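A quick note: this is a predicted structure, and the numbers were derived from the prediction, not measured. Each residue takes its place number in the sequence, starting with 1. Just the heavy atoms: all of them, side chains too, but no hydrogens, waters or symmetry mates, feed the values below.
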Amino acid sequence: MATPPFLHAKADIIFRSSDGVDFHVITLFLKLASSSFDSIIEQAAQSNQVEGDLPIVLVEENHRVLDTWLRFCYPSTLAEDPPLHEIEDIIPVLEAARKYSLKPLEHKVRQALKSRMEKEPLTCFAVAMRAQLNVEATLAAEYTLRQSLIPASVPEIDLITAKELLALLTYHQRCGISVQSLGVDLSWITSSYMSLNAAGYQWIIQSGSCNCESGSRFLLNGQRPLKWWSDYMEKSLVSLRDKPSGHTVLAGVGDTVRGVRAIGCSQCCSNILVNMTGFAEFFSTMVDILTAEVDLDMDLLKPFVPARVALSTKARNFMGASGLDVNPSGAGPASKATRAPAPSKKTANPKGGTKKKS
């Protein structure tokens, strides 16, 4: 049974859901919401399907979906906008919004999907692909980078094809490969990070009273950084293969800070939290700059060239706006995105790879 306000005495038409629930509706509100209802209401008035004095419109939507889009058409004094809490309602409500030309409702559905991406990126990717929401599909793909390459199964996985899932996993793998360049060419530290951080990178080089062990893998302008910093970098690079997101490198800061404090070196402990947090945030930014260069290629046709340390025009614009050195002595990672995943500059194109917005 329908609930208020769809039992109003002044209703002049009935919308009957596919599962047989009657909604008594005031047509004025529908006409104000979309002109597409004009012909529907006119046809109902001319039909012989009536209940009492009210014409009946039979709709394809079930009562939950019908309730949602009808509430959206009503003024807020009579019905609040539907919350769209259930993921299974996203596609049918979106289809109804498109069917009845309810653009504001379509926008609300998109926003509802985006609000779930951080916690349910694979689910949102599947729903967005099924609904042909290309921008949202690309954004959801970016959020999946925070999770393991082989994701846990979700019921919505049935909404996409094997090829679409393979494209997502390939994108994830390629991002993991691309960010490894940050452990090979360290010019992003010796030049760009240097220009951003007043203390430079000397806080991770043994000097003065510090007797801490130096690492053996990395070289910063011919100098070996301290082992605890090298350990953080090595662990981060390993984790980035599976979760190639800037969010990943931030997760290891706490353990590194606690480890340094446990060593007890007064020089290393000095400002360790501030220094490590600032460095990790910059590292995180560089990771997301590199992954933003990787296309979500839905057709798996484009040759893959790992994103390397070569600044694109957009990378230079980003780094310049951030006060970073855009002309380092070595090359620095390319960019299209800022640190946290945000609406992407590229959108998935189900008919042919990705298309990039100007």
Novice: Got a donor-acceptor contact below 3.5 angstrom from the H172 side chain to the Q147 backbone?
Specialist: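 Yes, the answer is positive, given that a donor and an acceptor are paired below the 3.5 Å cut-off.
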
Novice: State whether the side chain of S34 and the backbone N or O of Y100 hold a donor-acceptor pair below 3.5 Å, judged by distance alone.
Specialist: yes

Novice: Taking the six-membered ring for Trp, is the centroid-to-centroid distance between F15 and F6 below 6.0 Å?
Specialist: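 Not under 6.0 Å, so no.
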
Novice: Using every non-hydrogen atom in the two residues, find where S214 and Q206 come nearest and quote the distance to one decimal.
Specialist: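 Scanning both residues completely, I find the closest heavy atoms to be OG-CB, 4.2 Å.
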
Novice: Hey, does the side chain of S47 reach the backbone of A44 with a donor-acceptor pair shorter than 3.5 angstrom?
Specialist: yes

Novice: Where the side chain of Q180 meets the backbone of L237, is there a donor-acceptor pair that is under 3.5 Å apart?
Specialist: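 Between the backbone of L237 and the side chain of Q180 there is a qualifying donor-acceptor contact (under 3.5 Å).
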
Novice: So, W69 versus F23, ring centres under 6.0 angstrom or not?
Specialist: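 Ring centres of F23 and W69 not closer than 6.0 Å.
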
Novice: Count the heavy atoms belonging to other residues, nucleotides or ligands that lie under 6.0 Å from CD of E60, then report whether that count exceeds 12.
Specialist: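 No.
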
Novice: For R130, does the CZ atom sit with more than 12 other heavy atoms under 6.0 Å from it, leaving out its own atoms?
Specialist: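 Not more than 12 within 6.0 Å, no.
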
Novice: For the rings on Y193 and F279, is their centre-to-centre separation under 6.0 Å?
Specialist: yes

Novice: In the structure I gave you, are the side-chain heavy atoms of V260 and W229 within less than 4.5 Å of one another anywhere?
Specialist: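 No - every pair of side-chain heavy atoms lies 4.5 Å or more apart.
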
Novice: Counting only N and O atoms by type, is there a donor-acceptor contact under 3.5 Å from the side chain of T138 to the main-chain atoms of N134?
Specialist: yes

Novice: Just jot down the side chain to side chain contact (heavy atoms under 4.5 Å, CB included) partners of T3, sequence neighbours excluded, or say none.
Specialist: D67, R71

Novice: Among residues two or more places apart or on two chains, list those pairs meeting salt bridge (charged side-chain N to carboxylate O under 4.0 Å, His left out) that have a residue in residues 250-260.
Specialist: D255-R258

Novice: Is the side chain of Y232 donor-acceptor paired with the backbone N or O of V249 at a distance under 3.5 Å, no angle test?
Specialist: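 Yes: the side chain of Y232 pairs with the backbone of V249.
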
Novice: Has the side chain of S284 got a donor or acceptor atom that lies under 3.5 Å from a matching backbone atom of A280?
Specialist: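 Answer holds: no.
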
